[in-house]
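Here is the structure we will look at.
In this text the structure is predicted, and so the values were computed from the model without any measurement. Both ligands and their constituent atoms are indexed starting at 1 by order of listing. In this chain, residues are counted from 1 in sequence order.
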Amino acid sequence: MEKLVLNGGRELSGGVTISGSKNAALPMLCASLLTKEPVGLKNVPHLRDVTTMLTLLGQIGVEFSLSEQALVVLNSANVKSLFAPYDLVRTMRASILVLGPMLSRFGKARVSLPGGCAIGQRPVDQHIKGLQAMGAEIEIGNGYISAQCKKLKGAHLKMDMVSVTGTENLMMAATLAEGETIIENTAKEPEVVDLAHLLVKMGAKINGAGTDKIVIEGVKGLYGAEHSVMPDRIEAGTFLVATAMTQGAVDLYNADPRSLKAVLDGLRKAGADVEVRDGVISLRQNQQVKAVNVSTAPFPDFPTDMQAQFMALNSIAVGQAKIEETIFENRFMHVQELRRLGAKIRVRGNLAIVDGVKCLEAASVMATDLRASASLVLAGLVANGETIINRIYHLDRGYERIEEKLASLGASIKRSN
Ligand code: UD1
């Protein structure tokens, strides 16, 4: 099994290009199911989750081609199987995003329940409730969601909690429904907005994406379109935290500062000098980072996908930080591994209290989920000695060539078997 070997203590410097967003690309790949015409997506990141989604879409009958320039062209003219099997869905929860489009265009879908996962229960009741309100008949049995309808009908939906993929699934389903759908309490995440941009290019009538109320006027059919996927704000945030922790100076190209406000605010509190000019985000850190309190919440507040990275930062900060996780009930698994590297962290329910230490000491650690793995890489960049991170397949789900990009900034990091 592959692992990463890091030697800590080198400051990062130089420039790095941020890849396309995983969480924007995944729903867009599924949106291709809504039309029989080709959909071209540029800036699609080369990641395991994208490969998993393409495998799933391929089994459904979507044809696709990949080119060097991160361009994926998908064609859903010959869909043959409206089925998403357990062995694929269980490896990636975002597979649920095929449900809304398949049901809306073909009137039928059978999709495995994602089940629990490492970071919590993560049910999909909001997806199901919304589709039922739009007239779908849904049965749950043997671990599968079986849904059918003659034609989805517009409805007034109020989501019980803010769900990113829930909003995306219902928004996609509503594009081909009969009449108007109003969705309230929607996620305002930039990835939802980017998906809406693609859908509008395909002919959908959508207003309000990026607010807590989205209105969709159903249309008879959608067309092919081309769209460039937004930059990955979590990858960008992770590189900025790495730079701050190593007291380096790095420029990020192709990053979107508007999607990163809460993260940039946090980094400034940690003492970083952050500048945004001509589309480049530059971060310079001249002293040991200062402790920063963090509380996760839906966009535009601090993202749960950056919580583990800020835990790593606070591990070596001057002072004490409180980190509150309000989105997922079990997202502190990195704490145990960070402690192996010498971090002083206490957990009380959904609150972690981090007392910064002067330096971390290298050890062998184990990645447990995607963002937890990122926090271990960050810790390894500053730990004294050789840190070995096992089970890095988690990292490959969401970070494109992370070791190459970090090495190009001066880190001592390599992949080994
Ligand atoms: C998405 C992101 C993930 C991010 C998360 C929160 C993608 C592919 N993944 O995941 O990286 O960490 O948003 O920003 O975009 N919930 C329910 N019922 C539902 C749906 C959600 O109870 O039907 C709960 C979840 O258990 C969780 C909270 O709502 O506690 C938010 O989850 P949600 O926004 O749906 O996360 P995902 O869309 O799966």
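- For Pro123, the closest heavy-atom approach to ligand 1 falls below 4.0 Å.
- For the pair Asp160 and ligand 1, no heavy-atom separation below 4.0 Å is found.
- Under the 4.0 Å criterion applied to side-chain N and carboxylate O atoms, Glu403 and Arg415 are assigned as salt-bridge partners.
- Within the listing of ligand 1, atoms 27 (C), 30 (O), 31 (C) sit less than 4.0 angstrom from a heavy atom of Ile327.
- For the ligand labelled ligand 1, residue Glu191 lies outside the 4.0 Å heavy-atom shell.
- Distances below 4.0 Å separate heavy atoms of Thr304 from the following atoms of ligand 1: 6 (C), 12 (O), 14 (O).
- Looking at Arg331 against ligand 1, only its side chain comes within 4.0 Å, counting heavy atoms.
- Using a 4.0 Å cut-off between charged side-chain N and carboxylate O, Lys269 and Asp265 make no salt bridge.
- Remark: ligand 1 atoms within the under-4.0 Å shell around heavy atoms of Val162 are 31 (C), 34 (O).
- Side chains of Glu325 and Thr296: a donor on one and an acceptor on the other come within 3.5 Å.
- Under the 4.5 Å side-chain criterion, counting only non-hydrogen atoms from C-beta, Thr165 is not in contact with Pro27.
- Residue contact check: His127 has heavy atoms under 4.0 Å from atoms 23 (O) of ligand 1.
- Contacts between Met161 and ligand 1 below 4.0 angstrom, taking non-hydrogen atoms only, involve the side chain exclusively.
- Residue contacts with ligand 1 for Asp305 involve side-chain atoms from C-beta outward but no N, CA, C or O (heavy atoms, distance under 4.0 Å).
- In terms of polar-atom proximity, Phe328 is not counted as a contact of ligand 1, lacking any N or O under 3.5 Å from an N or O of the ligand.
- Considering backbone and side-chain N/O atoms, Glu168 never comes within less than 3.5 Å of an N/O atom of ligand 1.
- Listed by number with element, the atoms of ligand 1 under 4.0 Å from a non-hydrogen atom of Val124 are 19 (C), 23 (O).
- When the heavy-atom distances from atom 15 (O) of ligand 1 to Leu26, Asn23, Leu195 are ranked, the shortest goes to Asn23.
- Between the side chains of Tyr399 and Arg48, no donor-acceptor pair is found at a separation under 3.5 Å.
- Among Asn350, Thr326, Asp305, the one residue that satisfies the side chain to side chain donor-acceptor pair (under 3.5 Å) test with Arg331 is Asp305.
- Contacts of Glu329 with ligand 1, taken as heavy-atom pairs under 4.0 Å, are absent altogether.
- Of all atoms in ligand 1, numbered sequentially from 1 with element shown, those under 4.0 Å from a heavy atom of Gln126 are 18 (N), 19 (C), 23 (O).
- Under the 4.5 Å side-chain criterion, counting only non-hydrogen atoms from C-beta, Val164 is not in contact with Asn23.
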*Test side chain to side chain contact (heavy atoms under 4.5 Å, CB included) applied to Val250 and Leu283, step by step*: CA-CA 6 Å; Val250 165; Leu283 185 143; 5.8 Å; no
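- Taking the charged nitrogens against the carboxylate oxygens, Arg397 and Asp369 have no contact shorter than 4.0 Å, which rules out a salt bridge.
- Between Arg233 and Glu191 there is a salt bridge, since at least one side-chain N of the basic residue sits less than 4.0 Å from a carboxylate O of the acidic one.
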